[in-house]
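Here the structure comes first, spelled out in structure tokens, and everything after it is commentary.
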Protein chains: 2
Amino acid sequence: MVESELAQLNDVFHALGDTTRRRMLRELSEGEKTVGELAAPFEMSLAAASKHIKVLEKAGLIRREARWRSRVCYLEPGPLASAQQWLKQYEHFWTERLDILERLLREEDASKTPNREGDDP
Amino acid sequence: MVESELAQLNDVFHALGDTTRRRMLRELSEGEKTVGELAAPFEMSLAAASKHIKVLEKAGLIRREARWRSRVCYLEPGPLASAQQWLKQYEHFWTERLDILERLLREEDASKTPNREGDDP
DNA sequence: TTCTGATTCAACCATATTGTTGAATGTAGC
DNA sequence: GCTACATTCAACAATATGGTTGAATCAGAA
């Protein structure tokens, strides 16, 4: 279980580590698209685009569904949420930073006023 | 600029797409560590661990600093924030889902009332 | 059934990644 | 200077990745 979740996270981040695939996700965020439509903007063969799509699918980021005479892809946001969840562990590293910055600015500001330190109500 | 930012995002996601490197980041989130300390938990040569550290460094996720007779690594949270920023674009897909679910439940509830269809102004 | 269009498969190539080992480097202390 | 320690470099091998091309598949229209 845990093993496969780690593997899934590997797949998700790996899938996101490529500009082509991130652009594909962006396209899909605007709505469903066939493989052909998804491949069109890229200067590569359809087969190559199909491989990228397969990587996204393996990561669970998209699904393919047979519809009419082509296959429609659509976004599956769950794994993106997992990735964000993982990053959230580290969120305090930058929010804390902003807090420190803010506190420093307040202290600097306080030092310009004639008031003593620690006078803030 | 944009080019290099995209490349950076590639590097960041690529770096995150490996369990060893994510564990290293986790270790560093608890404080600075030398290369040796960072490598110790893993069943691989020091040279291999050093390569992983280099990947993290290339992505800007950590920095190495010469200190005393060894090198100390510490977390650089900026790129993690960028990754989270990127994922934030898609956040509405899962928050919206909850909204949709809520709306469906409300509609279902409304359909139980004696009002006709299409009555909504 | 046959034709057509959309997509995938198979084989192949170039390059990148991840690991190994042994040598090389750099720094602190004797 | 020499020694010891920590880390990296160099060379190598195995495997993964990302691309190509041409054949194969598969569903719907004629």
Side-chain angles (χ1 to χ4, degrees), chain A residues 3-4 6-28 31-75, chain B residues 3-4 6-25 27-28 31-75 79:
Chain A
E3 192 91 27
S4 70
L6 288 180
Q8 188 69 3
L9 213 46
N10 282 355
D11 287 346
V12 171
F13 281 126
H14 169 248
L16 296 180
D18 181 286
T19 313
T20 299
R21 290 192 288 262
R22 285 200 307 279
R23 279 183 59 193
M24 283 179 165
L25 288 179
R26 170 74 91 128
E27 296 288 323
L28 288 179
E32 300 180 339
K33 281 193 163 46
T34 66
V35 171
E37 288 168 339
L38 211 47
F42 301 100
E43 289 179 350
M44 67 178 66
S45 68
L46 205 54
S50 182
K51 283 188 189 176
H52 281 297
I53 292 171
K54 189 174 276 187
V55 171
L56 291 169
E57 197 176 28
K58 188 188 172 218
L61 288 162
I62 69 168
R63 297 238 180 124
R64 265 186 280 206
E65 196 173 283
R67 198 133 84 212
W68 200 56
R69 55 194 289 176
S70 65
R71 270 161 237 206
V72 172
C73 306
Y74 56 93
L75 200 64
Chain B
E3 193 90 28
S4 69
L6 287 181
Q8 187 71 2
L9 213 45
N10 283 354
D11 288 345
V12 170
F13 281 125
H14 168 247
L16 296 181
D18 181 286
T19 312
T20 299
R21 291 192 289 263
R22 285 200 307 280
R23 279 184 58 193
M24 284 178 164
L25 288 178
E27 295 288 323
L28 289 178
E32 300 179 339
K33 282 193 162 49
T34 66
V35 172
E37 289 169 338
L38 212 47
F42 301 100
E43 287 179 352
M44 67 176 67
S45 67
L46 206 56
S50 183
K51 283 186 190 177
H52 280 296
I53 292 171
K54 189 175 274 186
V55 171
L56 291 169
E57 196 176 29
K58 189 189 173 218
L61 287 163
I62 69 167
R63 296 235 181 125
R64 263 187 281 206
E65 196 173 280
R67 199 132 85 210
W68 201 55
R69 55 193 290 179
S70 65
R71 269 160 240 206
V72 172
C73 306
Y74 57 93
L75 199 64

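Below, chains carry the letters A, B, ... as their sequence lines are ordered, and counting in each starts from 1.
Rounded to whole angstrom, the span from the CZ atom of A:Phe13 across to the P atom of C:dT17 amounts to 18 Å. Whole-Å rounding puts the B:Glu37 CD to D:dC5 P distance at 17 Å. As a whole-Å value, the separation of A:Ile53 CD1 from C:dT7 P is 8 Å. If you take NE2 of A:His52 and C1' of C:dT7, they are 16 Å apart, rounded to a whole angstrom. Note: NZ (A:Lys54) to P (D:dG18) measures 14 Å, nearest angstrom. The separation between A:His14 atom NE2 and D:dT15 atom P is 18 Å, rounded to whole Å. At whole-Å resolution of the value, CG in A:Asp18 and C1' in D:dT17 are 10 Å apart. Following rounding to the nearest Å, A:Leu56 (CG) and D:dT17 (C1') show an atom-to-atom distance of 14 Å.
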N/O to N/O distances under 3.5 Å, protein versus nucleotides 25-30 of chain D:
none

Can you check nucleotides 20-24 of chain D for protein contacts, nitrogen or oxygen pairs under 3.5 Å, and list what you find?
unit_1, atom_1, unit_2, atom_2, d
D:dT20, OP2, A:Ser45, N, 2.8
D:dT20, OP2, A:Ser45, OG, 2.8
D:dT20, O4, A:Lys51, NZ, 3.4

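B:Arg22 is listed as a side-chain neighbour of A:Leu9, based on a closest heavy-atom distance under 4.5 Å.
Residues B:Glu57 and B:Arg64 are paired through a salt bridge, judged by an N-O separation under 4.0 Å between the basic side chain and the carboxylate.
Using a 4.0 Å cutoff on non-hydrogen atoms, the parts of residues 59-66 of chain B near DNA chain D are B:Arg64, ordered by number.
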